[in-house]
Amino acid sequence: MRNSGVSSDGFTFPLVIKACTSMGDSKLCKAIHGHVLVSGYQFNLHVRNDLINGYGKMGLMEDALKVFDKMSYRNHVTWNTMFSGFAHNFDCDGAVKMFRLMERKGLEPHLLTWTSFISVHKRCGLHDRVIELFRESRGKMNCSTGEVIAVVLSSCAELDKFQMAKEIHGYVISGGFQDYMFVQNSLISVYGKNGNIEEARSLFMEIKVKNLVSWNALISSFADAGFCDEAQEIFSQLVNLDDQKLRPNVVSFSAVIGGFAAKQRENECFEVFREMLLSRVHPNSVTIASLLSLCAEVVALGIGKEIHGYSIRALMDKNILVGNGLVNMYTKCGDVMDGCSVFDRMEDRDLISWNSMIAGYGMHGRASEALTTFREMVKLGPKPDVVTFVAVLSACSHAGLVTEGRKLFDQMSNEFMISPNMEHYSCIVDLLGRAGLLQEAYELIKKMPFEPDECVWGALLNACRIHKNTDIAEVIKSRLNLESEMTGTYMCLSNIYASHGRWEDAAKVRVAAKTRGLRKIPGQSRIEVKKKSYIFSSGNSFQSGLDEVYETLDDLGARMEAEGFVPDKSFVLQDVGDEEKKEILNGHSEKLAIAFGHANIPPNFPIRVTKNLRVCGDCHNWTKIFTKVTKREVIVRDGRRFHHFKDGLCSCRDYW
DNA sequence: GCGACCGTCG
C-alpha cells in the first residue's frame with residue numbers, strides 16, 4: 001500500500017498495530033508508531049488507544065504510559081486499556097495508582113473499567129480483594145458483566161468460598177448470564193473444585209456450544225475430585241470428537257496427568273505423558289511440575305532425573321514451578337545435594353522454593369543447613385509462613401536442637417505473628433519429647449489454645465515409648481479420642497506396653513482398635529531398579545526380586561550379629577500376613593526389623609549391599625528401609641525423614 | 001462503509 005503511494009489513515013494504523021501486537025513484534029510496532037508520528041495521526045484517539053493496548057500486551061508498560069501521559073484528551077477506552085495493560089503485566093500497584101488518579105480526576109469507572117481492575121487483582125492472586133471489589137462495583141453500577149462474574153467465580157474457587165459461589169450462581173440466573181459460556185465454564189470449575197462433579201457435569205451438558213475450556217473444566221473437575229479414570233474417559237470423548245477446533249491442548253493433557261499423579265498411578269501418568277508427546281502437544285511447566293511431584297511421592301529418582309533433563313532441553317529448567325518441583329523431587333528421593341544445587345541455581349525463588357529446601361534439609365537431618373537457609377530466607381526471601389515453621393521445627397526435632405526449637409516456636413508468634421497450629425504443636429511436642437522433656441511437652445499440650453488431636457498425643461506417646469515412660473502414656477490413653485481413626489496411636493501405645501513386657505495390655509489395645517474396625521493402612525515400600533518402580537507391602541505377595549532383598553538382609557543381619565549387636569525388641573510386629581508370621585517364626589523378619597528398624601549400628605559397621613540394590617519407602621513396623629547405598633554412606637528413609645549413616649555414624653539422634 | 005478496552009480451564 002505504501003509502495004503504491006497510498007497513505008495510511010486513522011483506520012489503517014489501528015489494524016497494523018493490532019497485527020504487530022498479535023505477532024508480539026514490539027520493534028515493528030515502534031516503527032509503525034514512528035509512521036504515526038510523522039503522518040499526523042498522533043492525535044487520533046483510536047490510534048493512541050491502540051498503541052497503548054499494543055504496548056501493554058507486549059509487556060512495554062513504560063511505552064504505554066508515555067503515550068498515555070502525552071494525551072490531553074482521553075476517553076473511557078483509554079483508561080480501560082491502561083487497566084488492561086496493568087492486568088496483563090500482573091501490576092496491581094500500577095493499576096491501583098491509576099484507579100486513584102481516575103478518582104482524583106472525578107471520572108467514574110465504567111463496567112469495563114471494573115472488569116479490568118478486578119481482573120488485575122485476580123491475576124495477582126488477591127482473591128479476597130476481587131470479591132470486595134465485585135461487591136463495590138455492583139453497589140455502584142447496580143449491574144455487572146459476565147466477564148467479571150467469570151473472574152469472581154474463579155476467585156471463589158481459589159478461596160474455597162463455595163457458599164458465595166452458589167449465591168453468585170443465583171445472581172447468574174436472575175441476571176440472565178446463564179447462557180454465557182465463560183460464566184458456564186467458570187461455574188463448572190467452581191462446582192468441580194467443591195467436589196460436586198454431578199452439578200459440574202450437568203452444567204457442562206447445558207452448554208450449547210462448548211469450547212475447549214468447557215471440556216478442560218470438566219476433565220479437571222473429575223481429576224481434582226480423584227476420579228482420574230472418569231477424567232480420562234471424558235478426555236477420550238474429547239479426542240474422539242475429531243473436531244479441528246476442539247483438539248486437546250496442554251491444559252487437557254496436564255489435567256489428566258495431574259489426576260493420575262495425585263493418585264500415584266505412575267504407569268497411567270507416564271502413558272498419558274507419552275501420548276501427549278506423540279500428539280505433538282508441548283508440555284509446559286505445569287505438566288512437568290505434576291510429573292516431578294509424582295516422582296517425589298513414588299521415590300522415582302531415575303525418572304525424575306530424566307524429566308529434569310527434558311526440562312533443560314525444553315528450556316524450562318529456569319521456571320519457578322519446575323525448580324520447586326526439582327528441589328522437592330531430589331530431596332524426597334534422598335538426594336539432598338542435587339536438590340540443593342537446583343535451589344542454588346534458581347534465578348527466582350518464591351515461598352514454596354524456600355519451604356521445599358528447608359524441609360528437604362530437615363528430613364535429611366541437616367538441621368544446621370535448614371536453619372541457615374531459614375535465616376537467609378528471613379533476610380532476603382519472602383515472609384515465612386505456617387509451612388516454613390513446620391519445616392524448621394521438624395528439622396530441629398530431627399536433630400535434637402531443643403534450645404533452637406523452643407526459640408523458634410516463641411519467635412513464630414512473637415516476631416512473625418503466626419499463631420501455631422496443630423502441626424506446629426506436634427513438632428514441638430515431638431522435639432521436647434524425644435529430648436526426654438516429657439513433662440514440659442505435656443505441660444505445653446495442656447496450655448494449647450485448642451483441643452490437641454491424635455498427632456499431638458501421638459508425638460508424646462512416641463516419646464513415652466522412646467524414654468520408656470508408662471505413667472504419661474497412661475494419662476494419654478485416657479485422653480485419646482475413642483472415635484479416632486489414628487490407628488498409629490493405638491499401635492504405639494501397644495508397643496509401649498509390649499516393651500515393658502505387658503503383653504496383655506498390649507493385646508487389649510490392639511483388640512480395642514480391631515473391634516472398632518480400625519485397621520492400620522499397610523505400609524508400602526518401593527524399590528527403583530533400572531528405572532522401574534516395584535512396590536511391596538507386608539501381607540501382600542511380592543513382585544520379583546525379593547530373593548535378592550532377603551539375601552541382602554540375611555547378609556546384613558549376620559554381620560550385625562557378628563559385631564555383637566543386640567536387637568531392640570521394643571516394637572512388636574503386627575497385622576502381618578501368614579507368610580510373614582512364618583518368617584517371624586523362623587527368624588527371618590526379625591532380621592528385617594533389626595536391619596531396618598531400631599538399630600544401634602555400631603561404629604565402623606561394615607555395610608555391604610549386593611548388586612547395587614536400592615530400596616526405599618517405609619513399612620510401619622520395619623520402618624527404616626535403605627534408599628541409597630554408596631561405598632561409604634547409607635541413606636535410610638523413615639516416613640518423611642532420612643537418616644544418613646556414614647562410617648557407622650548416623651545423623652539421627654535416635655541412633656546415638 | 002470500517003474500528004479501540006473485559007473473561008473461563010491444568
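Because only heavy atoms are used, hydrogens play no part in the values below, and waters and symmetry mates are left out as well, while side chains stay in. Every chain is numbered from 1 and lettered A, B, ... according to where its sequence line falls, protein lines coming before strand lines.
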**Request:** Among the candidates dA4(B), dT8(B), dC5(B), find the nucleotide nearest to the side-chain atoms of Asn75(A).
**Result:** dA4(B)

**Message:** Testing the 3.5 Å rule here: is there a donor-acceptor pair between the side chains of Asn328(A) and Ser356(A)?
**Reply:** no

**Message:** Under 3.5 Å, is there a donor on one side chain and an acceptor on the other for Tyr41(A) and His35(A)?
**Reply:** no

**Fill in**
Considering only heavy side-chain atoms of Lys57(A), the closest of dC5(B), dA4(B), dC9(B) is dC5(B)

**Asked** Atom CD of Gln178(A) and atom P of dT8(B): how far apart are they, to the nearest Å?
**Response** 20 Å

**Prompt:** Starting at CD1 of Ile234(A) and ending at C1' of dG10(B), how long is that distance when rounded to a whole Å?
**Reply:** 14 Å

**Prompt:** Touch check for Ser186(A), heavy atoms < 4.0 angstrom, all strands: base, sugar-phosphate only, or nothing?
**Reply:** sugar-phosphate

**Request:** Kindly say whether, by distance alone, the side chain of Asn284(A) makes a donor-acceptor pair under 3.5 Å with the base of dG10(B)?
**Result:** yes

**Request:** For the side chain of Ala217(A), starting at C-beta, report the closest nucleotide among dC9(B), dA4(B), dT8(B).
**Result:** dC9(B)

**Request:** Establish, from distance only, whether the side-chain atoms of Asn216(A) and Ser252(A) form a donor-acceptor pair under 3.5 Å.
**Result:** yes

**Prompt:** If you check every side-chain atom of Ser154(A), which of dG10(B), dT8(B), dA4(B) has the closest atom?
**Reply:** dT8(B)

**Integer-rounded Å distance: dC5(B) P and Ile17(A) CD1** = 12 Å

**Request:** Round to the nearest Å and state the distance from Ile257(A) atom CD1 to dG10(B) atom P.
**Result:** 15 Å

**Request:** Consider only side-chain N and O atoms of Asn185(A) and Ser214(A), and report whether a donor and an acceptor are under 3.5 Å apart.
**Result:** yes

**Asked** When all nucleic acid strands are considered with a 4.0 Å heavy-atom cut-off, which category describes Thr81(A): base, sugar-phosphate, or nothing?
**Response** sugar-phosphate

**Donor + acceptor pair across side chains of Asn355(A), Thr388(A) (<3.5 Å)** = yes

**Asked** Looking for any heavy atom pair under 4.0 Å, which part of the strands does Val47(A) touch: base, sugar-phosphate only, or nothing?
**Response** nothing

**Item:** Closest to side chain of Lys122(A), choosing from dC9(B), dG10(B), dA4(B)
**Value:** dC9(B)

**Prompt:** Once you round it to whole Å, what is the distance between P of dT8(B) and CH2 of Trp215(A)?
**Reply:** 21 Å

**Prompt:** When only distance counts, do a donor and an acceptor, one from the side chain of Asp50(A) and one from the base of dA4(B), lie under 3.5 Å apart?
**Reply:** no

**Item:** Minimum-distance nucleotide to Val77(A) side chain [options: dG10(B), dC6(B), dA4(B)]
**Value:** dA4(B)

**Request:** Measure from NZ on Lys193(A) to P on dT8(B) and round the result to the nearest Å.
**Result:** 11 Å

**Request:** Examine Tyr191(A) together with His169(A) and report whether their ring centres are nearer than 6.0 Å.
**Result:** yes

**Message:** Between the base of dC5(B) and the ring of Trp79(A) - centre-to-centre under 5.5 Å, planes within under 30° - is that a stack?
**Reply:** no

**Request:** Check the distance between dG10(B)'s P and Leu218(A)'s CG and give it to me in whole angstrom.
**Result:** 12 Å

**Request:** Among the candidates dA4(B), dC6(B), dC9(B), find the nucleotide nearest to the side-chain atoms of Ser220(A).
**Result:** dC9(B)

**Message:** Looking at Ser84(A), I'd like to know whether one of its side-chain N or O atoms comes within less than 4.0 Å of OP1 or OP2 on dC6(B).
**Reply:** yes

**Message:** Tell me the interatomic distance from Phe182(A), atom CZ, to dC9(B), atom C1', rounded to whole angstroms.
**Reply:** 11 Å

